[in-house]
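Each remark here refers to the structure printed beneath this line.
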Amino acid sequence: DVKVTQSSRYLVKRTGEKVFLECVQDMDHENMFWYRQDPGLGLRLIYFSYDVKMKEKGDIPEGYSVSREKKERFSLILESASTNQTSMYLCASTLDRSGNTIYFGEGSWLTVV
Amino acid sequence: RKEVEQDPGPFNVPEGATVAFNCTYSNSASQSFFWYRQDCRKEPKLLMSVYSSGNEDGRFTAQLNRASQYISLLIRDSKLSDSATYLCVVRQNRDDKIIFGKGTRLHILP
């Protein structure tokens with residue numbers, strides 16, 4: 001089975017802290033994504049990557065950056081966390097651009113106080 | 001018009017009933033369609049892909065209407081365990097962009 005692992009499930013951070021959310025997939029997928037999900041707003045794409053060292057902005061990249069140094073790992077970085085970044089963050093991967101099934105990690109619940 | 005639209009619900013349906021959801025999409029070049037299920041505080045998981053000819057998986061039937069640009073999901077003989085949020089997902093042909101609907105909440109009542 002494909003496994004997408006988000007190492008941090010529940011985090012509480014202070015405003016202004018730097019936050020790292022790590023995501024690892026074990027199926028050699030090319031494409032990786034970071035979403036946030038908020039009530040009433042659905043899933044919103046923050047950043048995505050189609051290859052190592054490649055990144056593209058999604059719909060809401062402001063306040064975030066990403067890193068993809070290895071194919072299996074895609075990290076989301078909040079340089080200076082703010083309370084409006086309190087959310088559930090979902091990492092996802094697909095095999096390639098035509099890969100149909102999207103595999104999600106279990107989610108990271110971030111609270112910024 | 002939003003790229004992918006779903007009725008947010010909630011749909012409150014008695015156990016054993018049949019329930020149907022629709023999802024409309026705005027980009028006629030969209031090529032792939034899916035239904036995902038998301039349980040409370042869990043990640044979305046693939047329920048089924050939607051094929052042009054329509055497809056069935058047990059109690060679940062998915063259909064695609066390209067002319068009217070909507071997909072549907074029909075659940076027959078609903079079970080308590082069907083209670084979840086159902087997400088419509090569309091992949092666009094032009095840029096492989098994956099777009100999620102906001103989901104339809106379903107509550108199956110005993």
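Order of the sequence lines fixes the chain letters, A, B, ..., with proteins taken first and strands second; residue numbering starts at 1 for each chain.
Note that the NZ atom of B:Lys42 and the CG atom of A:Leu90 stand 12.5 Å from one another [nearest 0.5 Å]. One finds the CZ atom of B:Arg91 at 6.5 Å from the CD1 atom of A:Ile102 (value rounded to the nearest 0.5 Å). Summarising the geometry, atom CG belonging to A:Leu45 is positioned 10.0 Å from atom CD1 belonging to B:Ile99; distances are rounded to the nearest 0.5 Å. Taken to the nearest 0.5 Å, the CD atom of A:Gln37 stands 7.0 Å off from the CG atom of B:Leu87. How far CD of B:Glu3 is from CG of A:Asp59: 7.5 Å, rounded to the nearest 0.5 Å. Rounding to the nearest 0.5 angstrom, the gap separating the CZ atom in A:Arg44 from the NZ atom in B:Lys102 is 9.0 Å.
Heavy-atom contacts from other residues, nucleotides or ligands closer than 6.0 Å to CZ of A:Arg14 number 12 or fewer. The number of heavy atoms from other shown groups lying within 6.0 Å of NZ (A:Lys71) is above 12.
Cluster annotation: B:Val13 and B:Tyr86 are assigned to the same hydrophobic cluster (Ile/Leu/Val/Met/Phe/Trp/Tyr, side-chain heavy-atom contacts under 4.5 Å, transitive). No continuous path of hydrophobic side-chain contacts links B:Leu47 to B:Tyr51 [ILVMFWY only; heavy atoms under 4.5 Å]. A single hydrophobic cluster is not seen to contain both A:Val24 and A:Leu95; linkage of ILVMFWY side chains at heavy-atom distances under 4.5 Å, directly or through other members, places them apart. When the side chains of ILVMFWY residues are joined at heavy-atom separations under 4.5 Å, either directly or via intervening members, A:Leu11 and A:Tyr64 end up in a single hydrophobic cluster. B:Phe11 is connected to B:Leu80 through a chain of hydrophobic side-chain contacts under 4.5 Å among Ile, Leu, Val, Met, Phe, Trp and Tyr, so both are in one cluster.
For the residue pair B:Arg41 and A:Tyr10, the shortest heavy atom distance occurs at NH2-CE2, 3.9 Å. Of all heavy-atom pairs spanning A:Phe33 and B:Ile98, the tightest one is CZ-CD1, 4.0 Å.
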Give the intermediate values and the outcome of ring pair (Phe, Tyr, Trp, His ring centres under 6.0 Å) for residues A:Phe104 and B:Phe100. CA-CA 13 Å; A:Phe104 287 91; B:Phe100 290 84; 5.8 Å; yes
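Heavy atoms closer than 4.5 Å to chain A are found in the side chain of B:Gln38, but not in its backbone. Of the atoms belonging to A:Phe48, not a single heavy atom falls under 4.5 Å from chain B.
You'll find the side chain of B:Pro44 reaches within 4.5 Å of the side chain of A:Leu43, heavy atoms only.
In the model, B:Glu43 has no side-chain atom that pairs as donor or acceptor with a side-chain atom of A:Gln6 under 3.5 Å.
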